[in-house]
Amino acid sequence: MNISLRVIKKELPQVQVVQVVQGKNRLVRAVSGASSARKKWFESPTMKGQYKRVLQNLGNFFGRLGKKSYFCKQNPKTNEIMTAKQTIEAGKAILGIEFGSTRIKAVLIDQDNKPIAQGSHEWENQLVDGLWTYSIEAVWYGLQDCYADLRRDVMKQYDCEIESLAAIGFSAMMHGYMAFNEKQEILVPFRTWRNTNTGKAAAELSELFNYNIPLRWSISHLYQCILDNEEHVSDIKYLTTLAGYVHWQVTGQFVLGVGDASGMIPVDPKTKTYDATMVKKFDEILVSKGLPFRLLDILPKSLSAGESAGFLTPEGAKKLDVSGHLKAGIPVCPPEGDAGTGMVATNAVKQRTGNVSAGTSSFSMIVLEKELSKPYEMIDMVTTPDGSLVAMVHCNNCTSDINAWVGLFKEYQQLLGVPVDMNELYGKLFNKALEGDTDCGGLMAYNYVSGEPVTGLAEGRPMFVRSAGDKFNLANFMRAHLYGAIGVLKIGNDILLKEEQIKVDRITGHGGYFKTAGVGQRMLAAALNSPISVMETAGEGGAWGIALLAAYLINNKGLSLADYLEMQVFAGNTGSSIAPTAEDVAGFNKYIENYKRCLPIEQAAVDNK
């Protein structure tokens with residue numbers, strides 16, 4: 001359908017156009033979702049003559065698109081409608097980049113916070129000297145390749161180059177250990193959240209602080225290095241996270257978003273910075289060990305969402321865009337962890353809201369109205385990107401074992417000479433699980449590629465267990481693995497929802513576990529005995545979340561983060577919701593009791609294989 005933009009702007013000033021291609025003034029996609037606005041257009045006194053048929057067709061076109069419409073804003077200076085291409089060329093687009101466990105993803109959004117382009121880079125952690133790590137070289141190569149892939153997508157879609165941006169944000173997997181000397185050289189390979197070698201340190205610190213300190217937190221890693229008398233400790237000048245490191249190197253600012261900072265050492269939600277009492281207690285340890293620094297000397301400054309966190313330097317621009325097109329001077333928001341960006345991407349930063357991120361690892365986040373009655377080893381206390389207290393259940397494993405089994409089915413199809421579409425394969429297998437018994441027919445699956453502190457295992461072995469009398473079929477097999485992927489998550493959340501009686505108004509899911517519509521959603525609803533919502537943007541994940549935080553930096557106009565998300569981004573959209581059935585809940589409860597009873601089998605596998 002070809003309609004003149006001049007006609008649209010004259011007769012329908014409310015129209016917002018997202019893409020114009022195939023020649024001058026050729027409209028390929030124009031959208032609106034408001035029927036009230038359409039009524040005003042048709043009642044307009046200028047609605048007559050030669051335009052009536054065109055406008056009627058346009059109205060019908062809008063009706064067919066309905067609520068799936070995407071919008072771009074008018075340029076406030078010229079009142080011209082800005083296409084995605086014009087947004088990019090004007091330097092008004094906003095970039096979010098997140099370092100996930102298996103993929104680095106970039107999302108470019110427009111002024112309405114809608115994704116308009118993306119890029120990615122696949123990567124994997126390496127087991128080096130018994131510890132999980134990514135090399136510094138892999139970090140920078142991955143970032144540059146991801147950005148180059150984004151540039152290619154922009155060129156393919158819009159035939160233009162990214163020269164400048166309105167804002168940028170960086171996020172990454174939380175926690176871990178990145179220690180640097182005075183020359184900003186890394187002292188030991190990056191130790192990721194996945195490592196579980198910090199048990200002694202975490203236990204001693206939890207007792208010292210009277211606060212649960214997880215194995216993966218930066219303070220646990222630092223103290224374990226001290227206990228192990230590692231030589232590098234005395235040379236530490238900077239200690240940060242992966243997101244903090246990348247931000248530091250491209251802006252020169254040694255800062256960290258408060259949500260990510262709360263995964264280094266606990267943060268006081270009142271001051272929104274590191275807990276002073278705990279810092280003082282740890283400093284006493286440093287003094288007793290004769291170390292030359294104090295904790296606040298080496299930790300990044302904690303910043304809340306919306307605070308200035310620096311600008312892209314010329315060196316930083318070159319580190320990001322090796323082609324040299326991207327200009328310096330772009331504002332960069334506080335770097336955040338993937339937990340915080342997940343909360344933002346699901347509009348779950350208000351009290352009594354929660355979200356579940358389920359991909360390579362999984363975690364649930366529930367924003368609390370008050371502190372828990374006591375510390376729990378299974379519950380981590382972190383904060384939202386604006387500093388509100390959050391109860392977090394973190395699981396080291398989620399979909400990796402499912403992916404391995406799907407890979408096996410892929411090989412089988414290839415052996416038969418059948419073309420493989422991985423999206424179709426995942427979809428068919430996930431939907432097959434819905435046909436299984438609600439208790440999986442007795443089948444059990446443990447997805448422990450690595451250890452799971454929540455269930456007390458320092459190491460893990462992926463394992464599938466059945467007895468001769470169990471109902472072994474494909475539907476139960478897939479359902480058992482989908483249940484197993486969130487089994488640890490359920491164990492932790494049972495403490496919050498049953499023992500602590502935490503009230504939650506809305507839980508939203510996002511991540512690869514929910515990619516097949518309705519399946520993961522239904523499984524999680526059964527696990528938590530709560531309705532689960534999934535938004536259309538669920539697949540965009542944390543990269544979109546950090547892009548929204550970058551947008552909040554420059555567009556917040558004094559709004560709180562929660563109000564900004566509610567009013568400017570989601571506008572009341574809570575996604576599609578699935579409520580649990582009594583049968584599914586009873587089946588999952590039976591499965592999880594078997595799961596807990598059989599944990600000694602998992603431990604035996606660790607001990608003997």
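Values below: all heavy atoms of this structure, side chains included; hydrogens, waters and symmetry mates excluded.
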Q: Between A605 and M463, which heavy-atom pair has the shortest distance, and what is it?
A: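 Smallest heavy-atom distance, with atoms named: CB-SD, 4.0 Å.
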
Q: Is there a side-chain contact between C225 and H232 in this structure, where contact means two heavy atoms from C-beta onward sitting under 4.5 Å apart?
A: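 A side-chain contact exists here, since the closest heavy-atom pair is under 4.5 Å.
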
Q: With sequence neighbours excluded, what pairs up with E284 under the side-chain contact (heavy atoms from CB on, under 4.5 Å) test?
A: K280

Q: Give me the atom names and distance for the closest heavy-atom approach of G169 to I546.
A: C-CG1, 3.4 Å

Q: Can you find a pair of side-chain heavy atoms, one from R294 and one from V287, that are under 4.5 Å apart?
A: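 R294 vs V287: side chains touch.
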
Q: For Y238, give me all partners under side chain to side chain donor-acceptor pair (under 3.5 Å), at least two apart in sequence or on another chain.
A: none

Q: Could you tell me which non-hydrogen atom of P189 sits nearest to which non-hydrogen atom of T133, and how far apart they are?
A: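 Scanning both residues completely, I find the closest heavy atoms to be CB-OG1, 3.7 Å.
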
Q: Got a donor-acceptor contact below 3.5 angstrom from the T241 side chain to the H175 backbone?
A: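 No, T241 side chain to H175 backbone: no donor-acceptor pair under 3.5 Å.
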
Q: Find out whether P300 and Y245 are in side-chain contact, i.e. whether some heavy atom of one side chain is under 4.5 Å from a heavy atom of the other.
A: no

Q: Looking at every non-hydrogen atom in both residues, tell me the closest pair between L389 and P269 and how far apart they are.
A: CD1-CG, 4.3 Å

Q: Regarding Y376 and E500, is there a side-chain donor-to-acceptor distance under 3.5 Å anywhere?
A: yes

Q: Do Y147 and R151 have side-chain N/O donor and acceptor atoms under 3.5 Å apart?
A: no

Q: Going by atom types alone, do D401 and Y446 pair a side-chain donor with an acceptor below 3.5 Å?
A: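 No, no side-chain donor-acceptor contact under 3.5 Å.
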
Q: Answer with yes or no whether the side chains of Y177 and T198 bring together a donor and an acceptor at under 3.5 Å.
A: no

Q: Has the side chain of S302 got a donor or acceptor atom that lies under 3.5 Å from a matching backbone atom of T273?
A: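 Answer holds: no.
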
Q: Check whether the side chains of N197 and Q224 place a donor and an acceptor atom closer than 3.5 Å, and report yes or no.
A: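 Checked: N197/Q224 side chains show no N/O donor-acceptor pair below 3.5 Å.
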
Q: State which residues pass side chain to side chain donor-acceptor pair (under 3.5 Å) with K200; sequence neighbours excluded, sorted by chain then number.
A: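 Counting only residues at least two positions away or on another chain, K200 forms a side chain to side chain donor-acceptor pair (under 3.5 Å) with E204.
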
Q: I need the minimum non-hydrogen distance between Y448 and V488, along with the two atoms involved.
A: OH-CG2, 3.5 Å

Q: So which atom in V367 and which in V349 form the shortest heavy-atom distance, rounded to 0.1 Å?
A: CG1-O, 3.8 Å

